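To keep things clear, I will list the structure first and then write my remarks on it.
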Number of protein chains: 4
Amino acid sequence: MFEQEKKLIDEIARLNEAHLKMTEKQNNIIQAAIEIFSEKGYAASSTSEIAKRAGVAEGTIFRHYKTKKELLVSIVTPTIMKLIAPFILEDVGEVLDKPYNSFREFLYEIMKNRIEFVKKNLPVLKIFVQEIAFHSELQDKYKKYIAEPLFNRIKDIIIYFQEKGEIAELPVYSIIRIVASTVIGFFYMRFLIFPDLEWDDEAEIELTIHFIMSGLSPLKGK
Amino acid sequence: MFEQEKKLIDEIARLNEAHLKMTEKQNNIIQAAIEIFSEKGYAASSTSEIAKRAGVAEGTIFRHYKTKKELLVSIVTPTIMKLIAPFILEDVGEVLDKPYNSFREFLYEIMKNRIEFVKKNLPVLKIFVQEIAFHSELQDKYKKYIAEPLFNRIKDIIIYFQEKGEIAELPVYSIIRIVASTVIGFFYMRFLIFPDLEWDDEAEIELTIHFIMSGLSPLKGK
Amino acid sequence: MFEQEKKLIDEIARLNEAHLKMTEKQNNIIQAAIEIFSEKGYAASSTSEIAKRAGVAEGTIFRHYKTKKELLVSIVTPTIMKLIAPFILEDVGEVLDKPYNSFREFLYEIMKNRIEFVKKNLPVLKIFVQEIAFHSELQDKYKKYIAEPLFNRIKDIIIYFQEKGEIAELPVYSIIRIVASTVIGFFYMRFLIFPDLEWDDEAEIELTIHFIMSGLSPLKGK
Amino acid sequence: MFEQEKKLIDEIARLNEAHLKMTEKQNNIIQAAIEIFSEKGYAASSTSEIAKRAGVAEGTIFRHYKTKKELLVSIVTPTIMKLIAPFILEDVGEVLDKPYNSFREFLYEIMKNRIEFVKKNLPVLKIFVQEIAFHSELQDKYKKYIAEPLFNRIKDIIIYFQEKGEIAELPVYSIIRIVASTVIGFFYMRFLIFPDLEWDDEAEIELTIHFIMSGLSPLKGK
DNA sequence: CATGAATGAGTTTTCATTCAT
DNA sequence: GATGAATGAAAACTCATTCAT
């Protein structure tokens with residue numbers, strides 16, 4: 001796990017450095033590609049349209065990204081890294097001892113924090129959700145490199161709070177499954193299915209957490 | 001609502017009739033297209049590959065479906081109709097009085113029944129989930145023609161069981177949101193994110209329902 | 001020349017007979033093809049559109065006309081035959097002695113008569129004018145089979161009236177060229193370039209003939 | 001009218017500039033397209049044949065001309081502009097006072113000059129004559145943008161010479177109609193119907209003008 | 001670094017024609 | 001005789017990628 005953290009930190013450092021080196025044109029390309037990929041999907045987007053919207057020549061894209069797919073990966077990777085970073089990077093002690101005295105508080109902080117992140121990065125996250133299904137490059141990278149560490153970390157947290165008696169003694173898998181699907185279900189509805197409804201995010205978070213905690217309460221859990 | 005039921009029944013009748021008229025080759029085309037669309041996505045699938053896999057000439061596809069998009073719509077429409085049909089068609093009285101004595105039982109029956117349906121129609125449903133984001137033809141059709149009636153029906157059911165005192169007196173919207181996102185989150189994980197894990201569906205359904213009922217229990221709800 | 005007359009008479013008889021045998025569907029095909037060919041040109045018209053407008057199955061067209069080109073020839077041939085028939089068929093004596101006492105009168109009768117014919121057969125004649133340039137089948141048939149006899153006949157008429165002293169003793173070729181181009185130029189403008197202007201045909205014919213006669217007058221001709 | 005002149009000058013300047021920017025390949029495409037369009041007609045010509053004859057890849061055509069129709073318009077427009085330019089651009093005073101002392105001389109100069117132009121641009125003009133009937137893009141552009149200014153200019157010239165007493169006081173419309181149809185009829189015969197005959201252009205021009213002037217002479221005109 | 005003309009394999013779509021029913 | 005499903009070749013057009021400038 002320590003190693004995973006390190007890899008991730010290195011990777012993010014590398015990405016940041018690469019990001020700083022980016023010329024203005026390169027940045028325009030990325031922005032244009034994000035817009036167009038998220039509007040029409042990767043396969044239906046053409047590099048020539050991206051070039052046009054970025055205000056560069058068609059060839060310029062391929063000077064920076066060998067292939068169209070490399071462009072896709074370059075767009076999605078850093079954002080996904082940053083999406084899961086808080087789970088992996090935060091010092092366990094810190095997460096569990098000082099800042100969060102309860103699972104409820106943990107859920108609340110994570111949801112509040114990630115909802116802001118999602119709002120800021122919605123187009124890229126849309127691209128990720130759409131394209132993960134079709135590109136083994138993305139799948140390999142993320143299933144093993146991201147889903148697993150994320151899962152392990154959350155497992156620890158669950159176990160910690162189970163031991164503290166705050167959460168029912170259900171199988172950890174089940175708890176993760178149900179918490180994850182509730183939270184992911186909320187994000188999915190909030191941002192993908194009905195992004196145009198007027199959402200009171202604070203209230204929805206409260207309700208979701210209340211709901212999760214009811215289901216996980218040790219007494220009820222019996 | 002009565003009118004909605006009627007429209008849906010007519011539409012399903014029309015689709016069934018059209019289905020019966022289908023040539024063998026036409027059927028091959030549909031099957032091949034389902035496979036390929038769900039494997040690579042609509043935009044990345046070529047009609048020539050579909051023709052090859054269906055064992056027909058490429059021109060034959062366009063004799064039956066004027067455009068590639070019409071082929072997509074022809075594939076997705078009937079399955080989606082059948083997916084939501086049980087919610088709309090079942091006689092209210094029947095649903096609420098006779099067969100289901102409780103919201104718990106209602107959830108159980110619906111989930112069991114729909115999980116089977118999803119298993120049988122997974123490729124088409126995958127296509128739907130992927131493509132709905134990009135095709136206004138699908139969006140218009142389904143948001144107004146399907147999402148709305150579905151929502152209305154479920155609202156009635158929730159209110160019915162709230163009045164019976166089985167569900168907490170939270171705002172109906174919130175209840176739907178939280179129940180839907182929990183159930184949809186489960187389906188999404190079960191079939192799209194980790195379809196290859198070994199799932200004990202019976203147990204997962206039980207857990208999900210237990211979870212939902214805990215969150216909605218009137219006492220806890222206070 | 002006698003032989004030419006005979007051939008033409010036989011051909012027209014054959015065409016008339018064929019026309020009488022035509023089924024209703026066949027007639028619909030011809031009418032639909034005329035409309036569509038003259039609207040969009042032969043090459044840009046599709047047999048399937050013709051079938052649709054004719055209310056027959058696609059295969060039915062090919063039961064009556066082996067190829068699309070045969071359909072074109074079948075449409076154009078009879079009308080062109082009838083267009084030039086009056087020049088060839090009328091008994092010379094009749095044309096020159098009894099009915100027409102002068103070249104002026106000859107021009108007048110021909111123009112009046114043919115303008116009516118053109119009005120009735122405009123679409124087919126449009127097709128002819130458009131397509132003659134591209135189809136050697138049409139060219140061969142019409143240049144030798146129609147243009148020549150027509151030319152010969154008119155030559156005789158010109159010579160006849162030159163001998164009567166009504167027309168200047170210019171080379172016959174030149175006279176034909178100038179009369180033909182004036183008359184054809186008029187028809188072309190009247191029916192192809194500006195068919196939508198309000199034309200006073202009587203007056204235009206008078207003017208055209210006055211004009212031709214001025215140019216051909218023996219005195220002026222000197 | 002001044003404005004029309006200016007528009008035309010600007011348009012011609014723009015076309016010339018575009019022409020200078022043309023790649024060698026682009027030029028090959030235009031030449032190949034002219035040949036093939038005029039041989040078989042626009043609709044019956046394929047872009048693949050054009051590419052082959054031009055010695056370029058088929059995609060190259062579409063890099064320069066978004067559609068096949070745009071290629072057609074790009075071919076026809078400049079030539080038609082240049083065909084009518086002498087009528088619009090020449091300084092009125094110059095045309096009427098200095099160079100041409102008579103309508104006869106005006107006709108002679110125009111015919112001589114335009115006959116040379118037509119000889120040089122026959123294929124493109126053939127394409128124009130064939131295709132104008134079917135493409136509203138061409139019709140709109142040319143009817144309003146070319147036919148009208150041309151008509152107005154010629155009207156002025158006719159009136160000028162009528163006032164000078166050289167031409168009969170017939171309605172201007174009629175004069176234009178008859179002069180135009182005679183001249184156009186000549187060109188049509190000379191270049192489209194019998195281009196393969198041996199033509200003595202000088203003599204034909206003389207005859208045509210003699211003919212027109214006879215018909216328009218004020219004495220005879222009465 | 002950037003350009004944009006050029007490519008060629010591929011895309012969706014059209015269409016005249018055939019043939020079993 | 002009439003149908004219309006089926007075909008396969010060819011149509012117009014697209015697009016990721018390369019490369020000389």
Side-chain angles (χ1 to χ4, degrees), chain A residues 23-26 28-29 42-52 54-71, chain B residues 21-26 28-29 43-51 54-71, chain C residues 23-26 28-29 42-52 54-71, chain D residues 21-26 28-29 43-51 54-71:
Chain A
T23 63
E24 199 200 325
K25 297 212 177 233
Q26 201 174 346
N28 290 345
I29 290 168
Y42 171 79
S45 303
S46 81
T47 51
S48 89
E49 193 186 348
I50 293 170
K52 211 171 290 161
V56 305
E58 294 191 46
T60 307
I61 292 177
F62 292 90
R63 194 143 281 285
H64 294 288
Y65 307 95
K66 271 200 287 287
T67 63
K68 189 184 166 192
K69 186 158 274 176
E70 194 182 305
L71 176 59
Chain B
K21 268 197 221 149
M22 269 177 30
T23 325
E24 198 201 322
K25 302 227 170 208
Q26 199 173 347
N28 292 346
I29 291 168
S45 304
S46 81
T47 51
S48 90
E49 195 186 345
I50 293 170
V56 304
E58 205 168 350
T60 307
I61 293 177
F62 291 92
R63 173 150 283 279
H64 294 290
Y65 307 95
K66 273 198 285 285
T67 63
K68 189 184 164 193
K69 186 160 273 175
E70 196 182 303
L71 175 59
Chain C
T23 63
E24 200 200 324
K25 297 213 177 232
Q26 201 173 345
N28 290 347
I29 291 168
Y42 170 79
S45 303
S46 81
T47 51
S48 88
E49 193 186 349
I50 293 170
K52 211 172 290 161
V56 304
E58 294 191 47
T60 306
I61 292 177
F62 292 90
R63 194 143 280 286
H64 294 289
Y65 306 95
K66 270 201 287 287
T67 64
K68 188 185 167 192
K69 186 158 275 174
E70 195 182 304
L71 176 60
Chain D
K21 269 195 220 148
M22 269 177 28
T23 326
E24 198 202 322
K25 303 228 170 207
Q26 199 174 347
N28 292 346
I29 291 168
S45 304
S46 81
T47 51
S48 91
E49 195 186 346
I50 293 170
V56 304
E58 203 169 349
T60 307
I61 293 177
F62 291 93
R63 172 151 284 278
H64 294 291
Y65 307 95
K66 273 197 284 284
T67 62
K68 189 184 164 193
K69 186 160 274 176
E70 195 181 303
L71 175 59

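Chain identifiers are assigned alphabetically (A, B, ...) following the order of the sequence lines, protein sequences preceding nucleic acid strands; residue numbering begins at 1 within each chain. Remember, it's a predicted structure, so these values are computed and weren't measured experimentally.
Taking all atoms of both residues into account, the shortest heavy-atom contact from A51(C) to I61(C) is N-CD1, 3.7 Å. When all heavy atoms are compared, the tightest approach of A43(C) to A43(D) is CB-CB, 3.6 Å. The two atoms that bring F62(B) and K68(B) nearest to each other are CE2-N, 4.1 Å, heavy atoms only.
Side-chain atoms of T23(B) do not come within 3.5 Å of backbone N or O of Q26(B) as any donor-acceptor pair. Remark: side-chain polar atoms of E58(B) are paired, donor with acceptor, to backbone N or O of S48(B) under 3.5 angstrom.
Of the candidates V56(A), N28(A), L71(A), I50(A) forms a side chain to side chain contact (heavy atoms under 4.5 Å, CB included) with just one, namely L71(A).
Reading DNA chain E from its 5' end, the first and the last nucleotide to sit under 4.0 Å from a heavy atom of chain B are dT11(E) to dT14(E).
Mapped onto DNA chain F by nearest heavy atom, Q26(C) and A43(D) fall at different nucleotides, with Q26(C) at the one closer to the 5' end. Between E58(D) and K68(A), the residue anchored nearer the 5' end of DNA chain F, judged by the nucleotide with its closest heavy atom, is E58(D). Between T60(A) and R63(B), the one whose closest nucleotide on DNA chain E sits nearer the 5' end is T60(A). Comparing Y42(C) and A57(D), the nucleotide of DNA chain E nearest to each residue sits closer to the 5' end for A57(D).
Side-chain atoms of V56(B) lie closest to dT7(F) of the nucleotides dT3(F), dT7(F), dA11(F).
When rounded to the nearest whole Å, the span between CD1 of I29(B) and C1' of dT7(F) equals 12 Å. Atom-to-atom, CD of E49(D) to P of dA12(F) comes out at 10 Å; the value is rounded to the nearest Å. When the P atom of dT14(F) is taken as reference, atom NZ of K52(A) falls 10 Å away, rounded to whole Å. Following rounding to the nearest Å, I50(A) (CD1) and dC15(F) (P) show an atom-to-atom distance of 11 Å.
The line from NZ of K52(A) to OG1 of T47(A) is 10.5 Å long, rounded to the nearest 0.5 Å.
Within 4.0 Å (heavy atoms only), T47(A) reaches at least one base atom of the nucleic acid.
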(message) Counting Watson-Crick and G-U wobble pairs with both distances under 3.5 Å, what is the dot-bracket string for DNA chain F, 5' to 3', using [ ] for crossing pairs and | for pairs to another strand?
(response) .||||||||||||||||||||

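A sub-4.0 Å separation between OP1 or OP2 of dT14(F) and a side-chain N or O of K66(D) is absent. Taking side-chain N and O atoms only, S48(A) has no distance below 4.0 Å to OP1 or OP2 of dC15(F).
By the 6.0 Å contact criterion, NZ on K69(D) is enclosed, its count of non-hydrogen atoms from other residues, nucleotides or ligands being greater than 12.
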